[in-house]
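Chain A is the first sequence line, chain B the second, and so forth, proteins listed ahead of strands; every chain is numbered from 1.
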Amino acid sequence: MKEVAVVGAGMTLFASRMMETGKELCWEAAKQALDEAGLSLQEIDAVIMGTAPDAFDGIHKKGENLLDGAGGANKPYMRVYTGGGTAVMTPIAGWWHIASGMFDTVLVVNEEKMSSARPHAQSVFAHIWDPILDRPLRPNLVWIFAMEMQRYMHKYNVRKEDIALVSVKNKRNAVDHPCAQLADPKITVEDVLNSEPMALPVRRLDISPPSDGASALVLASLDVAREICPDRIVTIDGVGWCIDTTMWTNRDLAFPKFLARAADQAYRMAGIKDPKKEIHIAEPYDPFNYKELQHMEGLLLCEPGEAAILTREGVTQRDGRLPVCPSGGLLGVGNPIAATMGIKVGEIYWQLARKAGKRQVRNDPVTGVCQAWGDLMQFSSVLVMRRR
Amino acid sequence: MEKISKPTEIKHQLGHMEVDHYHYTVGLAGERFFTALREEGKLLGARCESCGVTYIPPRIYCEECFAELDEYVDLGLEGEVRSFTIARIDRDGRPLDPPEIRALISFGEDTTDLLHLLGEVEPEEVYIGMEVEAVLKPKREREGKVTDIRYFRPIK
């Protein structure tokens, strides 16, 4: 199996991008990633596209619609889609394209345009549910998450004040991200606790915003990486993914077992025996503030119920022992589903390569983990990266 | 197996997609193209010098080399038919009178094609290579859409 490195990353501003087409967003991010890698499009062997349900953009086969903006024309090209989990799944697909020995350079482009569906992107989410048992009861994402949050708080005795701290940390971290949609340097725990109720216990500032945007990565075999960027060798050392059962009613809502399995797979591949000690930085998926905590636990970075305590103690701050979501995360930078690759995989790459600028963490990390979560809220993809 | 002739008689749940419409953005290059069409009656393309390709409608990037394209060229209103097909009945089987002729219009060797309709021509008279020109709606009726071009007709 060939070793694989990340050699470039790029992303657009996350916001409602009414002026640009999805293709134009793809091109903007892909061009940045290629420029950072110092490669031209002609030097790319294959392209992977990640983008969420066609129903957001209103174009069936939208992976194929976006392909020319993603640089896929006349190349081996495939779309990979696992809902929100796409953010880390497409880089895994890029990894296996190279690890298999088939290709030396792969461009990975993720795009989302949630502003097209009217009246709101929530209308698209409305029909991901089972048409016989769920939909007659008119579920929406927020109240399903409210139930999950409730179970999580109940089972592990987690306080809402500690969960609110995640929104505060991430929205403040996002101030230093040039692509951020909802950064807020002055936000307080009280602001989060008193924000507009959505479906209690979930309030507005507990949730990340829908968004438009694109992100891109350039992956290369380690041999190629040593030629083009010997100053920053950041490799993908472990990958994992796993999915829980179809019905959300049949899952453990407090602890994400599927994520623990995916993480275990990735850690074993990377030769990590004790993730609590060997992982120095993490970008878990944070579409809701409690999800960051739950995902830290699923990633085996602490015991179930312990993430809130670490957050309260400041361990997960940018200058803490284990920086978590130093990018500002989905809560602060925005949530254009698949395109959040830029603040998960992109951020860990930039941090390990010491290219994160104002967001650079203090503990000079060597090994990092990032994770995305999605499909019908029961899938996770995990990627472990190292600086060599 | 029993043939189900009345689907409403088996247990079921009716549903519908809840998105009521989509807002499709024309994009940065699309703004230039459709504004020039509406205001000036022009068809613009974007040229990539290094690949020698002109895109119509224009794009902000070349899909071959990813160069940023900011050179817009007026392609004129004349082209030639590269391929075509004729529809004589609609999807419900009703006759279309006159028949609808859809064609790919080429604006030159190194230029991408534009999909449009042919008019003021009998289906039997259409051939590949036929020289055609765009017939635009009067300016006050133009909306900045591809249908601001009514059709292409043979150059007499």
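The local environment of CE in Met247(A) is crowded, with over 12 non-hydrogen atoms from other residues, nucleotides or ligands closer than 6.0 Å. Around atom CZ of Arg82(B), no more than 12 heavy atoms belonging to other residues, nucleotides or ligands sit under 6.0 Å away. Counting heavy atoms of neighbouring residues, nucleotides and ligands inside a 6.0 Å radius, atom CZ of Arg232(A) exceeds 12 of them. Residue Glu124(B) places its CD atom among more than 12 non-hydrogen atoms of other residues, nucleotides or ligands, all under 6.0 Å distant. Atom CD of Glu64(A) has more than 12 heavy atoms from other residues, nucleotides or ligands within 6.0 Å.
To the nearest 0.5 angstrom, Arg135(A) atom CZ is 10.5 Å from Leu14(B) atom CG. Note that NZ of Lys31(A) is 11.5 Å distant from CD1 of Ile60(B), once rounded to the nearest 0.5 Å.
Asp68(A) and Tyr61(B) share a side-chain donor-acceptor pair at under 3.5 Å.
Taking the side chain as every heavy atom from C-beta outward, Arg118(A) and Asp20(B) approach each other to under 4.5 Å.
Of the atoms belonging to Pro131(A), it is backbone heavy atoms, and not side-chain ones, that fall under 4.5 Å from chain B. With a threshold of 4.5 angstrom between heavy atoms, Ala55(A) approaches chain B through its backbone and through its side chain. Proximity to chain B (any heavy atom under 4.5 Å) is shown, for Ser40(A), by neither the backbone nor the side chain.
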| field | side chain to side chain contact (heavy atoms under 4.5 Å, CB included) between Val26(B) and Thr21(A), worked out | value | CA-CA 6 Å; Val26(B) 299; Thr21(A) 61; 5.9 Å; no
| said: Applying side chain to side chain contact (heavy atoms under 4.5 Å, CB included) to Cys65(B) and Leu41(A), what does each step give before you reach the verdict? | reply: CA-CA 6 Å; Cys65(B) 72; Leu41(A) 182 60; 6.0 Å; no
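Taking chain B as the reference chain and counting heavy-atom pairs below 4.5 Å, the highest number among Leu25(A), Leu34(A), Asp57(A) is found for Asp57(A). Of all the listed residues (His23(B), Glu31(B), Gln13(B), Glu64(B)), the one sharing the greatest number of non-hydrogen pairs under 4.5 Å with chain A is His23(B). Ranked by heavy-atom pairs shorter than 4.5 Å toward chain A, the options His21(B), Glu63(B), His12(B) are led by His21(B).
Of the possible polar contacts, one joining the Tyr24(B) side chain to the Gly58(A) backbone as a donor-acceptor pair under 3.5 Å is found.
Under the side chain to side chain donor-acceptor pair (under 3.5 Å) rule, Thr25(B) has a single partner from Glu24(A), Lys113(A), Arg17(A), Glu20(A), which is Lys113(A).
Using a 30° and 60° split on the angle between ring planes, Trp27(A) and Phe66(B) fall in the perpendicular class, above 60°.
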